[in-house]
There are 2 protein chains.
Amino acid sequence: MSVRHALLALLAEGPKYGLRLRQEFQAQTGEVWPLNVGQVYTTLHRLEKEGNVESDEVDGTQKRFRITAEGSRELQRWLHTPPDTDAPPRDELVIKVQVALRMPGVDVMELLQVHRRHMVEAMQRYTHLKAETPPGEVGLGLVIDAQLFRLEGIVRWLDAAEARLRHLPDQSWAASDVDLAPDTGSLRQRANALGGNR
Amino acid sequence: MSVRHALLALLAEGPKYGLRLRQEFQAQTGEVWPLNVGQVYTTLHRLEKEGNVESDEVDGTQKRFRITAEGSRELQRWLHTPPDTDAPPRDELVIKVQVALRMPGVDVMELLQVHRRHMVEAMQRYTHLKAETPPGEVGLGLVIDAQLFRLEGIVRWLDAAEARLRHLPDQSWAASDVDLAPDTGSLRQRANALGGNR
DNA sequence: ACACAGTATTATACCGAGTACACATCCCTC
DNA sequence: GAGGGATGTGTACTCGGTATAATACTGTGT
């Protein structure tokens, strides 16, 4: 979703060949965000098909890619367009907790704890990694920070979830099919409360 | 990635037909996480192909899906396996900032501000939505909380990024191709600092 | 000089999640 | 009994991503 534009940006600095793009991408983000070799070429080809990139003549074994005017425009457009904040991504962990709530015989509290511990451990690893990356590596630093803040948010959410569930009558969560008819229920139609944005 | 297991879990409560699954999924997560009709059937079919689900005989116009023993096992396995914390997801916003850093003529600080404002606005919308959802709706509450914590993490990251860039010699970030040879550079091979986990 | 190994570079076949849209059926009403 | 709307299912397609094939270059030992 975003590798495309990253490559476009690297090409905006001048024509490069495929693997060079991968090198430069990974030079910024280090071992944290590896980039599959194949993906470079697939996205490059897709970019070419869309007219955002042109490929120069083959020079020996390697091929040079150039950004087009169209590509530059697309890049600028993307840069200044904030990402969609409605329709939040379907988070795996959140779904897992939802599932655990409905399933009988699953100790939700323990599940929360297990995952919390896991997240905290990951945070420690990244904190350590952060400590030993030279302060000049701005790109890598930003990536690590992003991961740290993300993990911290998850931990906080887990805590909030635990609190929420603790102050709740036992089992009151399971299967609130209140507005579901026994077999053929009608879809809940709530007014879209998020209309104000797009 | 996770809708699959959500459907599996709903089927663990008993055989259901396709649209029923969609109803129940959306009953928990409300308008925040809509579920495309087609996706229900595509994932259902994929689950069937993997042997996690069986489809009963067609009863009139609708078709009943049952979970298999294999499916139950898979569900349990998934429930207790924490998600991968190495290889963090490639975040669009982070990439955007990275790109902005390298591109000449882009006001990075302003870009940070624009996106920060956008995130805060989204948070306000979700806070409002949260305020008006009945406390009984645990599922929806959890989803909204998750989104709020996520957005808050992003805002904090943006602030940290701004601070980091402010205390940096001007333009010292652009294109740190330190270890890239002029044309054919060798890939940076840093010791994998994240080995301790898997 | 030749075989062999390794690696750099590109290309392609494939997969899974997700979307749009078409198709079929039932039921209600006029 | 002919629309019309809700209900229910299926399919063709896009898109990001991965694994792996295919090809050419480079060095090394004997």
Side-chain angles (χ1 to χ4, degrees), chain A residues 1-8 15-26 33-50 52-53 55-65 78 83-84 87-92 95 180-181 183-189, chain B residues 1-8 15-26 33-50 52-53 55-65 74 78 84 87-92 95 180-181 183-189:
Chain A
M1 194 223 264
S2 33
V3 169
R4 182 151 92 221
H5 294 92
L7 296 188
L8 220 47
K16 317 207 168 122
Y17 55 95
L19 278 201
R20 178 78 194 269
L21 291 170
R22 186 172 104 121
Q23 291 165 26
E24 297 192 0
F25 183 94
Q26 293 190 147
W33 279 355
L35 182 53
N36 186 294
V37 204
Q39 188 173 358
V40 175
Y41 293 98
T42 46
T43 59
L44 234 25
H45 290 327
R46 295 197 247 261
L47 279 170
E48 199 170 4
K49 196 160 56 181
E50 301 164 18
N52 291 324
V53 144
S55 61
D56 261 7
E57 78 288 352
V58 177
D59 162 34
T61 98
Q62 70 197 29
K63 196 170 171 180
R64 303 189 84 84
F65 292 89
W78 173 77
D84 242 11
R90 233 126 46 187
D91 188 289
E92 166 154 15
I95 289 196
L180 246 45
D183 198 303
T184 296
S186 73
L187 216 57
R188 172 218 310 254
Q189 290 294 5
Chain B
M1 195 221 264
S2 35
V3 169
R4 181 150 93 224
H5 294 93
L7 297 187
L8 219 46
K16 319 208 166 119
Y17 54 94
L19 276 202
R20 178 75 193 270
L21 292 170
R22 187 171 104 121
Q23 290 165 26
E24 297 192 1
F25 183 95
Q26 294 191 147
W33 280 355
L35 181 54
N36 185 295
V37 205
Q39 188 174 358
V40 176
Y41 293 99
T42 47
T43 59
L44 235 27
H45 291 328
R46 295 198 250 260
L47 280 170
E48 200 170 4
K49 196 160 54 180
E50 303 165 16
N52 291 323
V53 145
S55 61
D56 262 7
E57 77 290 350
V58 178
D59 161 34
T61 97
Q62 70 197 33
K63 194 172 173 180
R64 301 191 85 83
F65 292 90
E74 163 64 16
W78 173 78
D84 243 11
R90 235 130 40 189
D91 188 290
E92 167 154 13
I95 289 195
L180 245 46
D183 198 304
T184 296
S186 73
L187 216 58
R188 171 218 310 256
Q189 288 296 2

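Convention: sequence-line order gives letters A, B, ...; per-chain numbering from 1.
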key: Gap separating the CD atom of A/E48 from the OG1 atom of A/T43, nearest 0.5 angstrom   = 11.5 Å

message = Please determine whether side chain to side chain donor-acceptor pair (under 3.5 Å) holds for the pair B/E74 and B/H5, giving the CA-CA distance in whole Å, both sets of side-chain angles, and the decisive distance to 0.1 Å.
response = CA-CA 9 Å; B/E74 163 64 16; B/H5 294 93; 2.8 Å; yes

message = Just to verify, what does A/N36 make a side-chain hydrogen bond (donor to acceptor under 3.5 Å, both in side chains) with, not counting sequence neighbours?
response = none

Collect all protein-nucleotide pairs involving nucleotides 9-11 of chain D in which both atoms are nitrogen or oxygen and the distance is under 3.5 Å.
{"from": "D/dT9", "atom 1": "OP1", "to": "B/K63", "atom 2": "N", "distance (Å)": "2.6"}
{"from": "D/dT9", "atom 1": "OP1", "to": "B/K63", "atom 2": "O", "distance (Å)": "3.3"}
{"from": "D/dT9", "atom 1": "OP2", "to": "B/G18", "atom 2": "N", "distance (Å)": "3.1"}
{"from": "D/dT9", "atom 1": "OP2", "to": "B/L19", "atom 2": "N", "distance (Å)": "3.3"}
{"from": "D/dT9", "atom 1": "OP2", "to": "B/Y41", "atom 2": "OH", "distance (Å)": "2.6"}
{"from": "D/dT9", "atom 1": "O5'", "to": "B/Y41", "atom 2": "OH", "distance (Å)": "3.2"}
{"from": "D/dG10", "atom 1": "OP1", "to": "B/K63", "atom 2": "NZ", "distance (Å)": "2.9"}

message = I need the CG-C1' distance between B/D91 and D/dG16, as an integer number of Å.
response = 16 Å

task = Specify the separation, in whole Å, of atom CD of A/E48 and atom P of D/dC15.
result = 16 Å

inquiry  = I'd like to know if the side chain of B/R90 and the backbone of A/P34 have a donor-acceptor N/O pair within less than 3.5 Å.
reply    = yes

remark   = Whole-Å distance, B/F25 CZ to C/dA17 C1', equals 13 Å

task = Using a heavy-atom cut-off of under 4.0 Å over every strand shown, decide if A/R4 touches base, sugar-phosphate, or nothing.
result = sugar-phosphate

task = To the nearest Å, give me how far apart CZ (A/R22) and C1' (D/dT18) are.
result = 12 Å

key: Rounded interatomic separation in angstrom, taking CG from B/L47 and P from C/dC15   = 17 Å

key: Contact check, side chains of A/Y41 and A/L19, non-hydrogen atoms, under 4.5 Å   = yes

key: Closest-nucleotide 5' rank along DNA chain C - winner of B/V40 and B/E50   = B/E50

note = The bend of the helix from C/dA1-D/dT30 to C/dC30-D/dG1, taken between the axes of its five terminal pairs at each end and rounded to 10°, is 20°

ask   = Quick one: NZ on B/K49 to NE2 on B/H45, what's the gap to the nearest 0.5 Å?
value = 10.5 Å

ask   = Whole Å only: how far is the CG atom of A/L44 from the P atom of C/dT9?
value = 14 Å

key: Rounded distance (Å) that lies between atom P of D/dC13 and atom CZ of B/R46   = 15 Å

task = Could you tell me whether the side chain of A/R4 reaches within less than 4.5 Å of the side chain of A/W78, counting heavy atoms only?
result = no

inquiry  = Could you check whether any side-chain N or O of B/Q26 sits under 3.5 Å from a backbone N or O of B/L35, counting only pairs where one atom can act as donor and the other as acceptor?
reply    = yes

task = Using whole Å, report how far CG of B/L35 lies from C1' of D/dG8.
result = 15 Å

ask   = Atom NZ in B/K16, atom CD in B/Q62: separation rounded to 0.5 Å?
value = 13.5 Å

